[in-house]
Amino acid sequence: MRNCSFQCVYKRLDRHYGPQEWWPAETPFEVMVGAVLTQNTAWNNVEKAIDALRNAELLQPESIHAADAGMLAELIRPAGYFNVKAVRLKALVGWLMEQGGIEMLASMPIKDLRHELLSVHGIGPETADDILLYAFGHPVFVIDAYTRRMFSRLGLIDEKADYELLRRQFETELGKEAAVYNQYHALIVVQAKEVCRKKPHCDKCCLADVCRYPIND
DNA sequence: ACCCAGGGTCATA
DNA sequence: TATGACCATGGG
(Lines give C-alpha, C1' and ligand atoms only; values in the text may rest on other atoms or scores of the structure.)
Protein backbone atom coordinates (compact mmCIF):
# COMPACT_ATOMS: atom_id res chain seq x y z
CA MET A 1 0.00 0.00 0.00
CA ARG A 2 1.26 3.44 -0.91
CA ASN A 3 2.58 5.78 1.76
CA CYS A 4 0.23 8.76 2.01
CA SER A 5 1.78 10.32 5.13
CA PHE A 6 2.94 13.54 3.51
CA GLN A 7 -0.48 14.27 2.08
CA CYS A 8 -2.19 13.37 5.36
CA VAL A 9 -0.05 15.71 7.41
CA TYR A 10 -0.82 18.41 4.88
CA LYS A 11 -4.55 17.81 5.16
CA ARG A 12 -4.45 18.01 8.91
CA LEU A 13 -2.38 21.18 9.03
CA ASP A 14 -4.45 22.79 6.29
CA ARG A 15 -7.70 21.96 8.05
CA HIS A 16 -6.36 23.25 11.35
CA TYR A 17 -4.72 26.50 10.24
CA GLY A 18 -6.44 27.38 6.98
CA PRO A 19 -4.99 29.38 4.06
CA GLN A 20 -1.76 31.23 4.96
CA GLU A 21 -1.28 33.42 1.89
CA TRP A 22 2.48 33.40 1.94
CA TRP A 23 5.06 34.99 1.46
CA PRO A 24 4.36 38.05 3.68
CA ALA A 25 5.64 40.62 1.17
CA GLU A 26 4.29 43.14 -1.32
CA THR A 27 6.57 42.45 -4.29
CA PRO A 28 8.80 39.67 -5.63
CA PHE A 29 11.84 41.75 -4.85
CA GLU A 30 10.66 42.14 -1.27
CA VAL A 31 10.44 38.35 -1.09
CA MET A 32 14.08 38.12 -2.13
CA VAL A 33 15.18 40.66 0.45
CA GLY A 34 13.15 38.95 3.17
CA ALA A 35 14.56 35.55 2.22
CA VAL A 36 18.09 36.78 2.84
CA LEU A 37 17.23 38.70 6.00
CA THR A 38 15.42 35.77 7.61
CA GLN A 39 18.41 33.42 7.39
CA ASN A 40 18.65 31.86 10.85
CA THR A 41 16.62 34.76 12.19
CA ALA A 42 13.15 35.19 13.70
CA TRP A 43 10.73 36.85 11.30
CA ASN A 44 9.78 39.38 13.95
CA ASN A 45 13.25 40.87 13.69
CA VAL A 46 13.19 40.76 9.90
CA GLU A 47 10.02 42.86 9.80
CA LYS A 48 11.78 45.66 11.61
CA ALA A 49 14.61 45.60 9.12
CA ILE A 50 12.23 45.57 6.16
CA ASP A 51 10.23 48.46 7.61
CA ALA A 52 13.46 50.41 7.97
CA LEU A 53 14.36 49.67 4.37
CA ARG A 54 10.90 50.71 3.22
CA ASN A 55 11.06 53.98 5.16
CA ALA A 56 14.40 54.69 3.50
CA GLU A 57 12.87 53.77 0.12
CA LEU A 58 15.38 50.99 -0.25
CA LEU A 59 13.06 48.19 -1.29
CA GLN A 60 13.99 48.41 -4.96
CA PRO A 61 17.09 46.91 -6.60
CA GLU A 62 18.43 50.20 -7.96
CA SER A 63 18.34 52.02 -4.63
CA ILE A 64 20.00 49.18 -2.74
CA HIS A 65 22.60 48.97 -5.47
CA ALA A 66 23.36 52.65 -5.04
CA ALA A 67 23.22 52.64 -1.25
CA ASP A 68 26.26 52.70 0.99
CA ALA A 69 26.92 49.26 2.47
CA GLY A 70 27.56 50.65 5.95
CA MET A 71 24.31 52.55 5.94
CA LEU A 72 22.50 49.48 4.66
CA ALA A 73 23.94 47.44 7.53
CA GLU A 74 22.71 49.98 10.10
CA LEU A 75 19.19 49.88 8.69
CA ILE A 76 18.95 46.10 8.84
CA ARG A 77 20.63 45.84 12.24
CA PRO A 78 17.54 44.39 13.97
CA ALA A 79 17.66 41.34 11.67
CA GLY A 80 21.02 40.29 13.10
CA TYR A 81 24.20 39.37 11.19
CA PHE A 82 23.74 42.82 9.70
CA ASN A 83 27.24 43.18 8.24
CA VAL A 84 27.03 39.80 6.56
CA LYS A 85 23.52 40.39 5.28
CA ALA A 86 24.31 43.85 3.93
CA VAL A 87 26.99 42.26 1.74
CA ARG A 88 24.56 39.53 0.70
CA LEU A 89 21.89 42.04 -0.28
CA LYS A 90 24.45 43.88 -2.34
CA ALA A 91 25.46 40.67 -4.06
CA LEU A 92 21.83 39.82 -4.72
CA VAL A 93 20.93 43.14 -6.36
CA GLY A 94 24.22 43.19 -8.25
CA TRP A 95 23.37 39.85 -9.78
CA LEU A 96 19.73 40.81 -10.28
CA MET A 97 20.62 43.89 -12.30
CA GLU A 98 23.26 42.00 -14.25
CA GLN A 99 20.55 39.58 -15.29
CA GLY A 100 18.38 42.43 -16.52
CA GLY A 101 15.86 42.62 -13.69
CA ILE A 102 13.00 40.55 -12.32
CA GLU A 103 11.20 40.28 -15.64
CA MET A 104 14.20 38.57 -17.21
CA LEU A 105 14.46 36.15 -14.32
CA ALA A 106 10.76 35.36 -14.56
CA SER A 107 11.19 34.15 -18.13
CA MET A 108 14.11 31.89 -17.25
CA PRO A 109 13.67 28.09 -16.94
CA ILE A 110 13.49 26.96 -13.31
CA LYS A 111 16.59 24.83 -13.47
CA ASP A 112 18.71 27.62 -14.89
CA LEU A 113 17.33 30.18 -12.46
CA ARG A 114 17.99 27.90 -9.51
CA HIS A 115 21.55 27.32 -10.68
CA GLU A 116 22.05 31.06 -11.09
CA LEU A 117 20.64 31.83 -7.66
CA LEU A 118 22.94 29.31 -6.01
CA SER A 119 25.93 31.01 -7.62
CA VAL A 120 25.14 34.27 -5.82
CA HIS A 121 27.19 34.85 -2.68
CA GLY A 122 25.00 34.36 0.38
CA ILE A 123 22.26 32.40 -1.34
CA GLY A 124 22.17 28.73 -0.39
CA PRO A 125 19.61 26.06 -1.25
CA GLU A 126 16.87 27.18 1.14
CA THR A 127 17.07 30.86 0.29
CA ALA A 128 17.14 30.01 -3.42
CA ASP A 129 14.03 27.86 -3.06
CA ASP A 130 12.22 30.53 -1.01
CA ILE A 131 12.79 32.88 -3.92
CA LEU A 132 11.88 30.35 -6.62
CA LEU A 133 8.64 29.40 -4.90
CA TYR A 134 7.44 32.63 -3.33
CA ALA A 135 8.80 35.25 -5.69
CA PHE A 136 8.35 33.36 -8.98
CA GLY A 137 5.74 30.72 -8.20
CA HIS A 138 7.91 27.82 -9.33
CA PRO A 139 7.06 24.34 -8.00
CA VAL A 140 10.01 23.88 -5.62
CA PHE A 141 9.56 22.52 -2.11
CA VAL A 142 11.45 24.44 0.58
CA ILE A 143 13.30 22.40 3.20
CA ASP A 144 14.08 24.29 6.40
CA ALA A 145 15.06 23.38 9.95
CA TYR A 146 11.39 23.16 10.96
CA THR A 147 10.69 20.69 8.19
CA ARG A 148 13.61 18.50 9.19
CA ARG A 149 12.64 18.53 12.84
CA MET A 150 8.96 17.93 12.37
CA PHE A 151 9.15 15.19 9.75
CA SER A 152 12.01 13.35 11.40
CA ARG A 153 9.95 13.30 14.58
CA LEU A 154 7.12 11.87 12.58
CA GLY A 155 9.53 9.21 11.38
CA LEU A 156 9.03 10.17 7.74
CA ILE A 157 12.52 11.41 6.89
CA ASP A 158 16.13 11.23 7.97
CA GLU A 159 16.82 14.54 9.72
CA LYS A 160 20.44 14.62 8.59
CA ALA A 161 19.73 13.79 4.98
CA ASP A 162 21.10 15.94 2.20
CA TYR A 163 18.98 18.97 1.26
CA GLU A 164 18.44 17.88 -2.34
CA LEU A 165 17.44 14.40 -1.26
CA LEU A 166 14.76 15.72 1.07
CA ARG A 167 13.49 18.16 -1.52
CA ARG A 168 13.11 15.36 -4.07
CA GLN A 169 11.39 13.25 -1.44
CA PHE A 170 8.75 15.88 -0.75
CA GLU A 171 8.28 16.75 -4.41
CA THR A 172 7.88 13.11 -5.33
CA GLU A 173 5.35 12.50 -2.58
CA LEU A 174 3.29 15.60 -3.29
CA GLY A 175 3.50 16.05 -7.05
CA LYS A 176 4.69 19.25 -8.69
CA GLU A 177 2.07 21.71 -7.46
CA ALA A 178 3.42 25.13 -6.54
CA ALA A 179 0.21 26.07 -4.72
CA VAL A 180 0.57 23.02 -2.47
CA TYR A 181 4.27 23.67 -1.80
CA ASN A 182 3.48 27.29 -1.02
CA GLN A 183 0.79 26.47 1.51
CA TYR A 184 2.58 23.43 2.96
CA HIS A 185 5.80 25.22 3.83
CA ALA A 186 3.82 28.10 5.32
CA LEU A 187 1.82 25.65 7.43
CA ILE A 188 4.98 23.94 8.67
CA VAL A 189 6.45 27.26 9.81
CA VAL A 190 3.22 28.46 11.40
CA GLN A 191 2.71 25.24 13.29
CA ALA A 192 6.37 25.01 14.34
CA LYS A 193 5.99 28.25 16.24
CA GLU A 194 3.44 26.55 18.49
CA VAL A 195 5.52 23.48 19.25
CA CYS A 196 7.60 23.09 22.34
CA ARG A 197 11.17 22.79 21.07
CA LYS A 198 12.52 20.65 23.87
CA LYS A 199 10.06 17.79 23.77
CA PRO A 200 9.20 15.62 20.77
CA HIS A 201 5.73 17.13 20.88
CA CYS A 202 3.52 19.05 23.21
CA ASP A 203 -0.16 18.55 23.94
CA LYS A 204 -1.74 21.68 22.60
CA CYS A 205 -0.44 22.08 19.08
CA CYS A 206 -1.61 20.53 15.87
CA LEU A 207 1.52 18.43 15.52
CA ALA A 208 0.74 16.66 18.78
CA ASP A 209 -2.48 15.64 17.14
CA VAL A 210 -0.57 14.40 14.13
CA CYS A 211 1.82 12.45 16.33
CA ARG A 212 -0.73 10.90 18.57
CA TYR A 213 -3.03 9.32 16.05
CA PRO A 214 -2.34 6.93 13.20
CA ILE A 215 -1.70 8.74 9.97
CA ASN A 216 -3.91 7.13 7.39
CA ASP A 217 -6.67 9.47 6.44
C1' DA B 1 21.24 34.35 32.50
C1' DC B 2 20.51 31.07 28.87
C1' DC B 3 18.65 29.38 24.47
C1' DC B 4 17.67 29.90 19.87
C1' DA B 5 15.63 31.74 15.57
C1' DG B 6 12.00 30.68 8.52
C1' DG B 7 21.13 29.67 6.92
C1' DG B 8 25.42 30.26 4.56
C1' DT B 9 30.41 30.69 4.08
C1' DC B 10 34.90 29.57 5.05
C1' DA B 11 38.80 27.03 7.01
C1' DT B 12 40.39 22.71 8.36
C1' DA B 13 40.98 17.27 8.43
C1' DT C 1 32.43 14.74 2.89
C1' DA C 2 32.08 16.36 7.20
C1' DT C 3 32.50 18.90 11.17
C1' DG C 4 33.35 23.58 13.58
C1' DA C 5 33.76 28.69 13.97
C1' DC C 6 31.68 32.65 12.77
C1' DC C 7 28.15 36.04 11.99
C1' DA C 8 24.44 39.23 15.99
C1' DT C 9 19.80 41.02 17.33
C1' DG C 10 15.65 40.35 20.09
C1' DG C 11 12.05 37.44 22.33
C1' DG C 12 10.99 33.59 25.43
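Numbered from 1 within each chain, the chains take letters A, B, ... in sequence-line order.
- A straight line from NZ of A:K85 to C1' of C:dG10 spans 12 Å, rounded to a whole angstrom.
- Rounded to an integer number of Å, the gap from A:R149 CZ to B:dC4 P is 10 Å.
- Taking 4.0 Å as the cut-off between side-chain N and carboxylate O, A:E164 and A:R167 count as a salt-bridged pair.
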Worksheet, complete the sentence: With sugar-phosphate taken as primed atoms, P, OP1 and OP2 and all else as base, the protein-contact string of nucleotides 7-13 of chain B at under 4.0 Å (heavy atoms; B, S, -) is BBSS---
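- Checked for salt-bridge contact, A:D51 and A:R54 meet the test: a charged N lies under 4.0 Å from a carboxylate O.
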Response to the item:
Intra- and inter-strand pairing of DNA chain B, written as dot-bracket with Watson-Crick and G-U pairs under 3.5 Å and | for the latter, reads .||||.|||||||
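- A side-chain donor from one of A:Q39 and A:T127 sits under 3.5 Å from a side-chain acceptor of the other.
- Not less than 6.0 angstrom separates the ring centroid of A:Y181 from the ring centroid of A:F170.
- Side-chain contact between A:L53 and A:L72: present, with at least one pair of heavy atoms (C-beta onward) separated by less than 4.5 Å.
- For C:dG11, the OP1/OP2 oxygens have no side-chain nitrogen or oxygen of A:N45 closer than 4.0 Å.
- Counting only heavy atoms from C-beta outward, the side chains of A:D130 and A:W22 never approach each other to under 4.5 Å.
- Residue A:R77 contributes atom CZ, which lies 14 Å from atom P of C:dC7 at whole-angstrom precision.
- For the residue pair A:E30 / A:W23, no side-chain donor-acceptor distance below 3.5 Å is found, with atom types taken as modelled.
- As judged by a 4.0 angstrom heavy-atom cut-off over every strand, A:N44 is placed among residues touching the sugar-phosphate backbone only.
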Worksheet item: Is there a side chain to side chain contact (heavy atoms under 4.5 Å, CB included) between A:L59 and A:E26 once you walk through the steps?
Response: CA-CA 10 Å; A:L59 273 179; A:E26 315 235 335; over 6 Å; no
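- The separation between A:I50 atom CD1 and C:dT9 atom C1' is 15 Å, rounded to whole Å.
- Within 6.0 Å of CE on A:M97 lie more than 12 heavy atoms contributed by other residues, nucleotides or ligands.
- Spacing between atom CG of A:N83 and atom P of C:dT9 amounts to 9 Å, rounded to whole angstrom units.
- To the nearest angstrom, P of C:dC7 lies 11 Å from CZ of A:F82.
- Spacing between atom NZ of A:K193 and atom P of C:dG10 amounts to 17 Å, rounded to whole angstrom units.
- Taking atom P on both B:dC10 and C:dA8, the two are 14 Å apart, rounded to the nearest angstrom.
- Rounded to an integer number of Å, the gap from CG of A:L165 to C1' of C:dT1 is 15 Å.
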